[in-house]
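As structure tokens, the structure follows; a few thoughts come after it.
These numbers were taken from a predicted model, which means no experiment stands behind them. To find a chain, count down the sequence lines: A is the first, B the second, and so on, and within it residues start at 1.
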Amino acid sequence: MGSGESKVVYMDNNATTRVAPEVVEAMMPYLTDYYGNPSSMHSFGGQVGEAVKKARLQVAQLLGCDTDEVTFTSCGTESDSTAILSALRAYPEKRHIITTRVEHPAIKNLCDNISHITGHKYRVTRLKVSNDGMIDMDEYAQALSDDTAIVSVMWANNETGVILPVSDMARMAKSRNILFHTDAVQAVGKIPINLAEEDIDYLSLAGHKLHAPKGVGVLYVRKGTAFVPFLSGGHQEDGRRGGTENVASIVALGRACELANEMMEDENTRVRALRDKLEQGLLTTIPKSMLNGNKHSRLPNTANISFEFVEGEAILLHMNRYNICASSGSACTSGSLEPSHVLRAMGVPFTAAHGSIRFSLSIYNTEEEVDFVLEKMPIIINELRKMSPFWEDD
Amino acid sequence: MWEYTDTVTEHFQNPRNVGEVKNASGTGDVGSLACGDALKLTLKIEDNVITDAKFKTFGCASAIASSSALTEMVKGMTVEEAEKITNEDIANFLGGLPKEKMHCSVMGREALEAAIADFRGLVLPMAEGEVICECFGVTDLEIKRAIQESNLRSVEEITNFTKAGGGCGKCEDKLRAQLSETLSEDLRMVPAVEKPKRMTALQKIKKIEEVLEREVRPGLKKDGGDIELIDVDGDFVTVSLRGSCTSCKNSQTTLKEYVERKLREHVLDTLIVEEEQ
């Protein structure tokens, strides 16, 4: 891939991140020398168990929870499914779920098919969002009922970076004795989280969004919260998730959490400043461009910008010629024929939704890269607009 | 990432004939902003020969490449030659398109037709007909034509070629019905396996038995024939004709026009009746 002339400018960190060199270093011995099974009786395997234990502590420290509240899984999707299905099985008499219209497919498709999956009839309330992607708390308060088995609301949206008021929402659920899950895959590592101060019962995270490899995740389950395993099997993870541990990746995730803790300030100062510079630059130099999502309640790394009258896939493929990596909410990039359900839920007009580009930065981005993108984007958008039947030159 | 051929990439990166022909002889305007792609094709036609063609396209890489390819293809052709260009021709010119992107080539063909009709001062019949897919404004005539021209065999293929059904998905049943209807014009054609219906397999079999007993057998028995249900697999109902039916030259017509119609009417409108081989 790539011309080899210019290096890759990677601004697609909400899709996945570079595995940090420190993380690779930490995990490598568990792919080579320390290949034992943590469940074994011999000390060769036992020392591997110690490494998993250390990783669990590193995760707990980033989340502000206890180690026995951390269960390792294979990905964010598994964590999400485990949490929702656990709550439904724990309270089989309750037949109502509350979620939002802007959830990741891991929650959206699960809830859309929940009756089919469980074999029981469920009522699903999908909370509306405003034009800037925020929740109507009155609608939420009214939706909570004695029949509600679980509320699942993402902490931060993957497409817009909008941060939802999960603390308040979890408190309101708790006061009604309703379980609360949050898909925090985009939030963990980017904004400070302290679960000790929250009323959240379940939280999902995925390693590859915070510089660990793909294929490892965590489900946090608050102490005392009802839990029914999703994968039955051996006694691994205290009986909460059968299956031999993905040791190297678990060690990697632990180290990544430790790094995220160290880099939290950098993420929220330097990275935020880079994002702001990129965003302001694009919005001022390119006419008919607009920001999608609430400007303030937002992850420090994400900017979702629409360029009217041009189509996202075409923009991305031109960016690709300059080795700039980003994502789009356009229909053509997803294989579906409609633009992103998130942007549609926010009421973003079609003229803009098809031309939306998500830039998501990380601690590895530099100001030079931002300047490079700011130099190339106006050229790309202008070229495409010149061939758009809807664009009229002034 | 989509797998585009080098030709698609080349036409996307260096599109030919971008713009509008001045004082165009014919203009074809198809698609819309809401649909996610749109094409404005302008032609200069002199002495019945297309001497110039330009395009403006809003859409993805394959939409831009299809438009560029189309303008290159038609230049120098007579109107009658250009009229024969199909969406497959456009796709082939580009060395093929991903199946989900075939609708981009269909858009090219539609714009060409519209431009030629405009040149002749005619109204296109495709714009008439009944709208089946509300999201993308696709009519039954357009869908029928796509099924026949491109040998489509499933709802998914219809969506890939016409976009119909790619939005809210509410028209899926209508599309399936249209597919069966169009295909039943040729009995040998077998549509792809459809999504399971809400009816359980057991309910379906019982219902089919019931309808055969009540609606079909009495009629056949009058002529000394009979019918036996052999198997039900999804929408496929295998039967065996007995008695005088076995020697009747009209048995295929009986099967389709009579048995299948009754079963569709009373059980499921997607059922396909076949005779045991």
Using a cut-off of 6.0 Å, state whether more than 12 heavy atoms not belonging to [X] lie near its atom [atom1].
{"X": "Asn14(B)", "atom1": "CG", "answer": "yes"}
{"X": "Asp6(B)", "atom1": "CG", "answer": "no"}
{"X": "Lys128(A)", "atom1": "NZ", "answer": "no"}
{"X": "Glu157(B)", "atom1": "CD", "answer": "yes"}
{"X": "Lys288(A)", "atom1": "NZ", "answer": "no"}

Is [X] in contact with chain A via its backbone, its side chain, both, or neither, using a 4.5 Å heavy-atom distance?
{"X": "Pro15(B)", "result": "side chain"}
{"X": "Ser32(B)", "result": "backbone"}
{"X": "Glu20(B)", "result": "neither"}

Where [X] and [Y] come nearest, the two heavy atoms and their spacing:
{"X": "Phe58(B)", "Y": "Ser388(A)", "result": "CB-OG, 4.0 Å"}
{"X": "Pro389(A)", "Y": "Ala38(B)", "result": "CG-O, 4.2 Å"}
{"X": "Lys386(A)", "Y": "Val18(B)", "result": "O-CG1, 4.3 Å"}

Between [X] and [Y], is any pair of side-chain heavy atoms under 4.5 Å apart?
{"X": "His318(A)", "Y": "Phe12(B)", "answer": "yes"}
{"X": "Asp37(B)", "Y": "Glu311(A)", "answer": "no"}
{"X": "Thr9(B)", "Y": "Leu317(A)", "answer": "no"}

Polar side-chain atom of Glu313(A) near backbone of Gly59(B) as donor-acceptor pair, under 3.5 Å:
no
Euclidean distance, Lys56(B) NZ relative to Trp391(A) CH2, rounded to 0.5 Å
11.0 Å
